[in-house]
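Each chain gets a letter, A, B and so on, in the order its sequence line appears, and its residues count up from 1. Only this structure's heavy atoms are used, side chains among them; waters, hydrogens and symmetry mates stay out.
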Protein chains: 2
Amino acid sequence: MSEKKEKLLRVAERLFYQNGFHAIGLKRIISESDIAIMTLYNHFASKDDLIVEVLKRREQQYKKYLRRYLSDDKRLTLLNLAKGHADWLAEHQQCGCMFLRAKEEFGSDPDHPVVQLVNNHKESMVRLIQNMDETITDEDALQFTLLLEGATALSETTDPKVVGQQLLTMTNRVFLDS
Amino acid sequence: MSEKKEKLLRVAERLFYQNGFHAIGLKRIISESDIAIMTLYNHFASKDDLIVEVLKRREQQYKKYLRRYLSDDKRLTLLNLAKGHADWLAEHQQCGCMFLRAKEEFGSDPDHPVVQLVNNHKESMVRLIQNMDETITDEDALQFTLLLEGATALSETTDPKVVGQQLLTMTNRVFLDS
DNA sequence: CTTTATATAGAACGATCATTATACTCTCTA
DNA sequence: TAGAGAGTATAATGATCGTTCTATATAAAG
């Protein structure tokens, strides 16, 4: 991976996340990257392609981040996953779920690569939760996903550390209480 | 309120919600409204002003919708509020929370009227929950808000009726169990 | 009958958008 | 030393953006 390409992906991720995909033009991205426009088009076929690669990259980072929190006990696993998500929210900015935002901005076209990528990512997250433990029901996975999404959204208007604490409390209450 | 102005607000709300605020141009709005561009500018000072009025309108509609579900018992109240939110999700499209989306698209400028409107709306929702009953703690309100936001977000990738059912289940589990 | 308000169509504004073409400068390598 | 590969700068493309101007039409109210 070229050094320039990686810098483009890094800058684009930040700008897209903080401002939205339609709101940010390529000019702003290359300007803040100190990289020529032709270099961008040498690495990416189009703006849409850049967006897709930014999202692929973010998906990898998020899942890699979560994997560090997993253990093999169901209770600890769900709780650790919640802890991982809470820490992720606190570490990164608080502008919501980048994947849902991408789907929202391109959702009018269900065939758009961005939308398909987001759908696949969200499905894979539910599978990840289900596959952690055979005692986790479909209902469990759905409810836990609701908690994660809720924490992400709430972090847009409330201190992520506080939200993260509530996420852990609720995970305990919903899944681990007698 | 002029008939034309109302139609503009209705069409703009739908288009903005389904596509995003930056993705939709005024041309598309006036085209689908069958209303001249100068008529739009006769009723709204700018695109931003139109967006603000669309959000004000939606806030009124949402709160009016919720108010029909409220009762005076704490248990029933929180549960009814959840029921109201679930029905709202099922009735309207599934493109997330329009207010958070607006904040996300204009969030780079904290002084932007859209951002302030959204912040005020979200604060007012927490207050609405707290003021329903003096036994509702700040923590309760935060956790319940997390459930509402989670249900809204999850409805972007999962059938809102199923999500609404889970929202009710979790509201019971978190707030009403022994 | 005249005024006033409201809506219309259509062109024009300057700015910005994503994308492409052209031409130049490096640096490594064969 | 010749050539390839990668990056740069700049301009141009055609489209669309929000906004404004002009001029006209309609209809109610004085």
NZ/NE/NH1/NH2 to OD/OE distance under 4.0 Å, A/E149 and A/K122: yes

Phosphate OP1/OP2 of D/dG5: any A/S2 side-chain N/O under 4.0 Å: no

Which nucleotide in C/dT19, D/dA6, C/dC17 has an atom nearest any side-chain atom of A/N42: D/dA6

Interatomic distance, B/K27 NZ vs D/dT20 P [rounded to whole Å]: 18 Å

Contact under 4.0 Å: A/S46 side-chain N or O vs C/dT20 OP1/OP2: no

Nearest-angstrom distance from the residue atom CG of B/N19 to C1' of D/dT16: 16 Å

Of the listed nucleotides C/dA7, C/dT8, C/dT19, the one nearest the side chain of B/I35: C/dT8

Sugar-phosphate, base or nothing in reach of B/I37, heavy atoms under 4.0 Å: base

Nucleotide nearest B/M38 (side chain, heavy atoms from C-beta), chosen from D/dT8, C/dT20, C/dT8: C/dT8

Atom-pair distance (CD on A/E3; P on D/dG7), nearest Å: 9 Å

Per B/T39 side chain, nearest of listed nucleotides D/dG18, C/dA7, D/dG7: C/dA7

Greater than 12 external heavy atoms within 6.0 Å of B/E91's CD: yes

Of the listed nucleotides C/dA18, D/dG7, D/dG18, the one nearest the side chain of B/Y41: D/dG18

Touch class at under 4.0 angstrom, heavy-atom based, for B/L50 against every strand present: nothing

B/E32 with B/R28: basic N within carboxylate O range, under 4.0 Å: yes

B/K4 side chain, from C-beta outward: closest of D/dA6, C/dA7, C/dT19: C/dA7

Nucleotide D/dG18, atom C1' - distance to CZ of B/F16 in whole Å: 11 Å

Length of the line joining A/L40:CG and C/dC17:P, which is rounded to integer Å: 14 Å

Note: B/E59-B/K63 ion pair, threshold 4.0 Å (strictly below): yes

Under-4.0 Å salt bridge between A/R57 and A/E13: yes

A/K47, nearest nucleotide to its side chain (from D/dT19, D/dT8, C/dA18): C/dA18

Atom-pair distance (CD1 on B/I24; P on D/dC17), nearest Å: 9 Å

Sugar-phosphate, base or nothing in reach of B/D49, heavy atoms under 4.0 Å: nothing

side-chain N/O A/H43 vs D/dG7 OP1/OP2, d < 4.0 Å: yes

Distance under 6.0 Å and angle within 45° of ring axis: B/K47 vs B/Y41: no

Nearest-angstrom distance from the residue atom CZ of B/F44 to C1' of D/dG18: 15 Å

Sugar-phosphate only, base, or nothing, as touched by B/H22 at under 4.0 Å among non-hydrogen atoms: nothing

B/D34 CG - C/dA9 C1' separation (whole Å): 13 Å

